[in-house]
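FYI, side chains are in, hydrogens and waters are out, and symmetry mates aren't considered; it's all heavy atoms of this structure.
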Amino acid sequence: EGAQMMESRNEAQDFVGCDLCQQPVSFFCRRCGVNLCDPCVTIHLRVKSTNVHEIVDFASKDDDDTCHCDSHPQNDCSAYCKTCDAPICILCVSIKHKSHEMSELSDKIEELLKVIAKENDRLQSSKHELEKILDHTTKMLSSISLYYKQRKNEVTARGEEWHKLIEKTVKKLHQELDDMQKEHEAVLQKQKKEFEEMIGKVDEMNGKTVKLKKSKNVKEMQTFVPAIQNHQNLNEVSQYSFPSFYKCKIDPNYLQTYFGYVEKMQEKKTLLLEDEFKERELPGRRILEVPTVTSVIDTGFPADRKKNRLYDMAVTDDNKVWMGGASFELRLFDLQGHLHHTVSITTYGLYLCMYNKQVVYSDQNNKAVKLISDTDTVVTMFTTGDWRPYGIRSAASGDLLVCLRKDDQSKVVRYSSTGTVLQEIQYDSQCQPLYIWAVYITENVNGDIIVTDWEKDAVIAVDRLGIFRYSYSGKDSEFFACSVVTDSVGHVIVTGGFGKKISMLDRDGRFLRYIIPEGGIKDPRAVCILGDGEMMVGEMKTGIAKKFKYLEE
């Protein structure tokens with residue numbers, strides 16, 4: 001009942017009546033400002049007025065697209081005074097604005113509409129960019145929870161790894177201390193027995209001396225003198241003390257490098273701590289002036305229509321290298337150049353990486369990321385929608401980083417193994433595109449995500465959150481950023497795709513030097529880092545891969 005009363009009250013408030021008879025209103029006279037019902041319209045039109053009546057539907061009474069004169073509100077404007085910059089009626093033309101410069105009202109309307117249309121076009125053209133950025137922001141917001149949950153899981157997993165390593169080290173030290181304690185106890189037990197025997201001997205000597213003081217037996221005294229003289233003094237006996245232990249201060253920078261390395265080698269759970277200290281020494285190893293070539297592999301790939309043969313390579317845990325070229329197959333070689341395995345695929349082997357011990361590649365024809373199973377079956381991990389996949393890299397976190405391109409847009413996407421988008425990197429802090437054509441990709445030990453952009457002809461790096469870090473465009477006009485890889489200490493190695501030089505940068509994108517192996521390298525493209533300071537680089541047009549040492553022991 002209360003609700004009905006409220007509804008009736010609202011209806012009463014909304015009710016508008018005819019100004020002549022209070023019946024529900026239907027029409028409105030704009031000239032007289034009078035509300036009218038249907039029957040009263042005829043009556044109102046009979047009333048004489050200085051203005052011509054203008055009857056409209058009541059609902060559209062405010063939709064007045066005519067311009068009324070400020071000086072004579074009953075009149076519509078019919079001209080435009082340029083001197084006063086104002087629309088005026090016919091009365092104003094002959095009175096107040098008589099000597100002013102006039103123009104047709106329609107001309108002014110056309111002029112104003114041109115300005116409005118131009119500005120509207122400008123706003124509409126910017127709308128597309130705004131929608132793209134809004135779409136990007138919306139996608140980031142939708143995946144931000146999952147992304148940060150993933151990062152927290154990484155931190156948790158890394159913490160567990162640290163705990164395992166610490167527990168392992170503590171256990172090892174406990175065992176060493178237990179062994180040391182047993183050894184120390186044995187030594188001290190032996191020493192205790194020797195000291196007890198020695199004290200007994202001293203007491204025996206003393207008793208003999210007391211006895212001889214009361215004796216006159218010279219012969220016995222003569223026999224006893226050498227015996228007491230030859231007895232060992234205390235200061236000639238080895239004495240043992242507890243060993244000293246020293247606290248070892250841990251270098252945080254080393255921890256970061258060390259655990260980053262462990263993270264990259266998750267499957268190698270049995271790595272020894274001593275091996276990691278060997279890795280720590282790597283920054284001090286000198287870069288060889290003329291790197292020594294230790295093997296040459298003829299991959300045997302045919303040439304495509306541009307005479308390119310070898311495109312990409314990926315090194316396995318057991319020091320073999322998967323090669324991809326201008327052929328519908330991937331080939332597995334050992335480091336001496338022996339072909340171990342061949343797998344058929346339905347596209348060229350343009351972009352490869354290792355993921356959980358299996359070779360993964362980009363299928364550009366089907367816009368998908370695929371892997372080769374243990375039974376040589378091609379398995380689709382996930383598809384990339386309208387975007388064509390290019391370079392691909394396994395991240396330290398266990399995700400996959402993929403370069404994608406559509407039309408003139410390019411971006412880097414972090415995928416889970418099931419194809420869930422965890423992160424998209426496309427714009428800088430000014431909402432400008434970071435990439436035009438991102439092709440090859442790698443991840444550095446400090447978490448930087450580095451790509452080569454073939455359109456910008458540059459190496460572009462962002463941090464793990466996708467924030468721009470640096471761009472490198474070479475030292476001379478010969479530079480071209482083709483492929484990129486990093487080593488365990490953060491060197492960034494860039495091949496040119498043509499020419500005879502390989503560029504080495506530091507982890508902040510600063511040029512360090514060129515790397516040119518003995519005998520030279522021609523049109524380098526594919527590249528991977530091996531152990532013991534070695535790398536393998538493929539010559540794009542010959543299909544030859546050269547393994548060479550670039551860091552000394």
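Ring pair Tyr427/His136 is perpendicular by interplanar angle, where above 60° counts as perpendicular and below 30° as parallel. Note on ring orientation: taking the six-membered ring where Trp is involved, the planes of Tyr472 and Phe511 are parallel (angle under 30°, cut-offs 30° and 60°). Ring geometry for Trp322 versus His341: interplanar angle over 60°, hence perpendicular rather than tilted (30 to 60°).
Partners of Val170 under the side chain to side chain contact (heavy atoms under 4.5 Å, CB included) rule, at least two apart in sequence or in another chain, are Ile166, His174.
Between the side chains of Lys549 and Thr292, no donor-acceptor pair of N or O atoms lies under 3.5 Å. For the residue pair Gln150 and Ser397, no side-chain donor N or O sits within less than 3.5 Å of a side-chain acceptor on the partner. A donor-acceptor pair shorter than 3.5 Å cannot be found between the side chains of Asp363 and Asn365.
With respect to the salt-bridge test (charged N to carboxylate O, under 4.0 angstrom), the residues Lys127 and Glu131 qualify. For Lys306 and Asp304, the salt-bridge test fails: no basic side-chain N is under 4.0 Å from an acidic carboxylate O. Contact check on Lys182 versus Asp178 returns no salt bridge, with no Lys/Arg side-chain nitrogen under 4.0 Å from an Asp/Glu carboxylate oxygen. In this structure, Arg414 pairs ionically with Asp399, as a charged nitrogen and a carboxylate oxygen lie closer than 4.0 Å. Salt bridge Arg158/Glu161: absent, no basic N to carboxylate O contact under 4.0 Å.
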Report, one line per pair, each donor and acceptor closer than 3.5 Å where one atom sits in a side chain of residues 377-386; sequence neighbours left out.
| from | atom 1 | to | atom 2 | distance (Å) |
| --- | --- | --- | --- | --- |
| Thr377 | OG1 | Thr375 | OG1 | 2.9 |
| Thr384 | OG1 | Lys367 | O | 3.1 |
| Thr384 | OG1 | Trp387 | O | 2.7 |

Under 3.5 Å, which donor-acceptor pairs do the side chains of residues 516-523 form with other protein atoms, sequence neighbours left out?
| from | atom 1 | to | atom 2 | distance (Å) |
| --- | --- | --- | --- | --- |
| Glu518 | OE2 | Val293 | N | 3.0 |
| Asp523 | OD1 | Gly499 | N | 3.3 |

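Of the possible polar contacts, none joining the Asp508 side chain to the Arg510 backbone as a donor-acceptor pair under 3.5 Å is found. When atom types are taken as modelled, the side chain of Thr138 and the backbone of Leu134 share a donor-acceptor pair closer than 3.5 angstrom. No donor-acceptor pair closer than 3.5 Å links the side chain of Arg331 to the backbone N or O of Thr342.
Note: Tyr440 and Tyr351 meet the aromatic proximity criterion, with ring centroids under 6.0 Å apart.
More than 12 heavy atoms of other shown residues, nucleotides or ligands fall within 6.0 angstrom of atom CD in Gln409. Counted within 6.0 Å of CD on Glu183, heavy atoms from surrounding residues, nucleotides or ligands total 12 or fewer; the atom is thus considered open.
Tested against Leu434 for a side-chain contact (heavy atoms from CB on, under 4.5 Å), the candidates Ile425, Val451, Ile467 yield a single pass: Ile425. None of Val527, Val485, Leu310 except one satisfies the side-chain contact (heavy atoms from CB on, under 4.5 Å) rule with Val537; the exception is Val527.
In this structure, Leu330 and Met323 have side chains that are not in contact, with every pair of non-hydrogen atoms separated by 4.5 Å or more.
With Tyr311 as the aromatic partner, Arg525 does not meet the cation-pi criteria of under 6.0 angstrom to the ring centre and within 45 degrees of the ring axis.
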